[in-house]
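Below is one structure, written out as structure tokens, with a few remarks after it.
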Amino acid sequence: MRISVTIFLTDETITPTRLARELEERGFAGLYLPEHTHIPVERTTPYPAGGDLPPEYGRTLDPFVALGQAAAVTENLGLGTGITLVAQHDPIDLAKQIATLDHLSGGRFTLGLGFGWNVEEAADHGVEWRTRRELVRDRMALMRALWSAEPTAYKGEFGSVRPSHAHPKPLRAHLGPRTLIGGAAGPKLFTHICEYADGWMPIGGRGLTETLPVLRAAWAEAGREGAALQVVPYAVYPSPGKLAHYAELGIEEVVVQLPPAGEAEVLRTLDKYAEYL
């Protein structure tokens, strides 16, 4: 099983370059970074985990800039987002960012995407909350038109692009990089996964014994190849029993959670997680 990590990198934590070098030297499989452009002070949306929103949410580094630094100092480390808030981006700009990072890293990028939870943050980006899932679907289709080998037009409900020259291309032309959708299990989420993703990024990884068969059935019904489905539990606090259970379910990669801390504490945690490599 591949062990990757995620962390809220901020202006107060270990740097992307230092962390990336340590991960590659120690044999970790990948680094996934979250995204929040800003956190409005006048926030009414409750924090999904309950309680006060941790301060690192308002201090996150831009994941694409940070992952670009990580790519420059490593050769094999996987690079991913967990997650990109696609609805909050101009899709033409985002397609270029993704393709550039994937190209410069030699195809090491994984696009973890989600629909968001902070209504106020999304609203400042002009996102209509009730249609955000359809907006993300539309933007993914537009980006894939730009990633196509030949200039390809796209006209959707929320956006369009003319046939265009758009280079570089992701290593996996047209489809773009490996794409995983984050979120809680349910029919809507599984429909999106089966339509335009390579798999699921379940936060915390709870309840997979019950939900994974449902997703696999939906995947097969959609005509997708069963072996191609990837499920990557995300932001997991690992234990030997938990990882053994994931292995029994056929899971090949797990993303474990690092503290949003300085160099010393992060490296101590990596030492602790070394037993799982």
Side-chain angles (χ1 to χ4, degrees), residues 1-9 14 16-34 63 66-67 69-71 73-84 98 101-102 104-114 170-172 175-183 193 197-209 211-212 215-216 219 224-259 266-277:
M1 180 180 291
R2 302 190 306 277
I3 304 297
S4 299
V5 307
T6 184
I7 181 174
F8 276 87
L9 285 181
I14 189 172
T17 52
R18 178 76 167 118
L19 177 57
R21 287 191 178 104
E22 288 287 340
L23 291 172
E24 184 152 274
E25 288 175 6
R26 292 163 183 257
F28 286 88
L31 169 63
Y32 292 76
L33 298 180
L67 289 170
Q69 284 199 332
V73 298
T74 57
E75 294 183 358
N76 301 304
L77 186 72
L79 309 161
T81 52
I83 49 78
T84 297
I98 290 170
L101 180 54
D102 195 62
L104 292 177
S105 67
R108 288 187 276 153
F109 181 63
T110 292
L111 174 62
L113 68 89
L171 193 67
R172 196 174 69 164
L175 292 175
R178 179 176 74 148
T179 299
L180 305 172
I181 301 181
I193 291 170
D198 299 292
W200 183 26
M201 187 181 277
I203 310 301
R206 294 188 183 89
L208 288 177
T209 302
T211 57
L212 198 48
L215 174 56
R216 285 173 172 156
W219 186 264
R224 303 290 299 271
E225 182 183 349
L229 175 63
Q230 300 178 50
V231 177
V232 181
Y234 187 80
V236 170
Y237 291 95
S239 69
K242 190 180 294 185
L243 296 185
H245 176 60
Y246 292 155
E248 290 173 358
L249 294 174
I251 288 169
E252 298 179 349
E253 181 183 5
V254 174
V255 182
V256 299
Q257 181 72 59
L258 291 176
V266 169
L267 296 185
R268 283 196 298 270
T269 306
L270 291 181
D271 290 338
K272 177 182 171 184
Y273 287 167
E275 66 176 288
Y276 303 119
L277 296 176

Task: Contact check, side chains of His245 and Ile251, non-hydrogen atoms, under 4.5 Å - done: no

Open item on the list: Determine whether Asp198 and Arg172 satisfy the following criterion, side-chain contact (heavy atoms from CB on, under 4.5 Å), listing intermediate values before the conclusion.
Closed with: CA-CA 12 Å; Asp198 299 292; Arg172 196 174 69 164; 2.8 Å; yes

Open item on the list: Could you go through Leu267 and Arg18, starting from their C-alpha distance and side-chain angles, then the distance that decides it, and tell me whether this counts as side-chain contact (heavy atoms from CB on, under 4.5 Å)?
Closed with: CA-CA 10 Å; Leu267 296 185; Arg18 178 76 167 118; 3.7 Å; yes

Open item on the list: Between Val231 and Tyr246, does the side-chain contact (heavy atoms from CB on, under 4.5 Å) criterion hold? Intermediate values first, please.
Closed with: CA-CA 10 Å; Val231 177; Tyr246 292 155; over 6 Å; no

- [ ] Could you tell me whether the side chain of Ile83 reaches within less than 4.5 Å of the side chain of Leu111, counting heavy atoms only?
- [x] no

Task: Residues Tyr234 and Thr6: side-chain donor-acceptor under 3.5 angstrom - done: yes

Task: Side chains of Tyr237 and Val256 in contact at under 4.5 Å (non-hydrogen atoms) - done: no

Open item on the list: As an exercise, state the distance from CG of Leu31 to CD1 of Ile7, rounded to the nearest 0.5 Å.
Closed with: 8.0 Å

TODO: Please name the pair of heavy atoms, one in Ala71 and one in Leu101, separated by the smallest distance, quoted to 0.1 Å.
DONE: CB-CD1, 4.3 Å

TODO: With the side chain counted from C-beta on, respond yes when Thr81 and Thr110 share a heavy-atom pair under 4.5 Å apart, and no when they do not.
DONE: no

Open item on the list: Quick check: closest heavy atoms across Ile98 and Pro177, and the distance to 0.1 Å?
Closed with: CG2-CG, 3.6 Å

- [ ] Grab the two heavy atoms, one from Val5 and one from Val255, that are nearest each other, plus how far apart they are.
- [x] C-CG1, 3.5 Å

Open item on the list: Would you say that Leu180 contacts Ile193 through its side chain, given a criterion of any heavy-atom pair below 4.5 Å between the two side chains?
Closed with: no

Task: Criterion side-chain contact (heavy atoms from CB on, under 4.5 Å) against Leu33, the qualifying member of Thr84, Leu19, Leu67 - done: Leu67

- [ ] Would you mind reporting whether Ser4 and Val254 have side-chain heavy atoms less than 4.5 Å apart?
- [x] no

Task: For the student: nearest non-hydrogen atoms of Leu79 and Ser105, plus distance - done: CD1-CB, 3.7 Å

Open item on the list: To the nearest 0.5 Å, what is the distance between CD on Glu24 and CG on Asn76?
Closed with: 5.0 Å

Open item on the list: Quick one, Leu270 and Phe28 - any side-chain contact, counting heavy atoms below 4.5 Å?
Closed with: yes

- [ ] If a pair satisfies salt bridge (charged side-chain N to carboxylate O under 4.0 Å, His left out) and one of its residues is in residues 231-252, list it, with sequence neighbours excluded.
- [x] none

- [ ] For the residue pair Trp200 and Ile181, establish whether any side-chain heavy-atom pair is separated by less than 4.5 Å.
- [x] no

Open item on the list: One thing to verify: whether Arg178 and Asp102 come together as a salt bridge, which I'm taking to mean a side-chain N less than 4.0 angstrom from a carboxylate O.
Closed with: no

Task: side-chain contact (heavy atoms from CB on, under 4.5 Å) assessment of Gln257 paired with Val236 - done: CA-CA 6 Å; Gln257 181 72 59; Val236 170; over 6 Å; no

Task: Carboxylate-amine/guanidinium contact Glu75 Arg108, below 4.0 Å - done: no

Open item on the list: Run the salt bridge (charged side-chain N to carboxylate O under 4.0 Å, His left out) test against Arg21 and tell me which residues pass, sequence neighbours left out.
Closed with: none

TODO: Drop me the distance from Trp219's CH2 to Leu212's CG, to the nearest 0.5 angstrom.
DONE: 11.5 Å

Open item on the list: Give me the atom names and distance for the closest heavy-atom approach of Pro233 to Leu208.
Closed with: CG-CD1, 3.9 Å

TODO: Compare every heavy atom of Tyr276 with every heavy atom of Ile3, then report the nearest pair and how far apart it is.
DONE: CG1-O, 3.6 Å

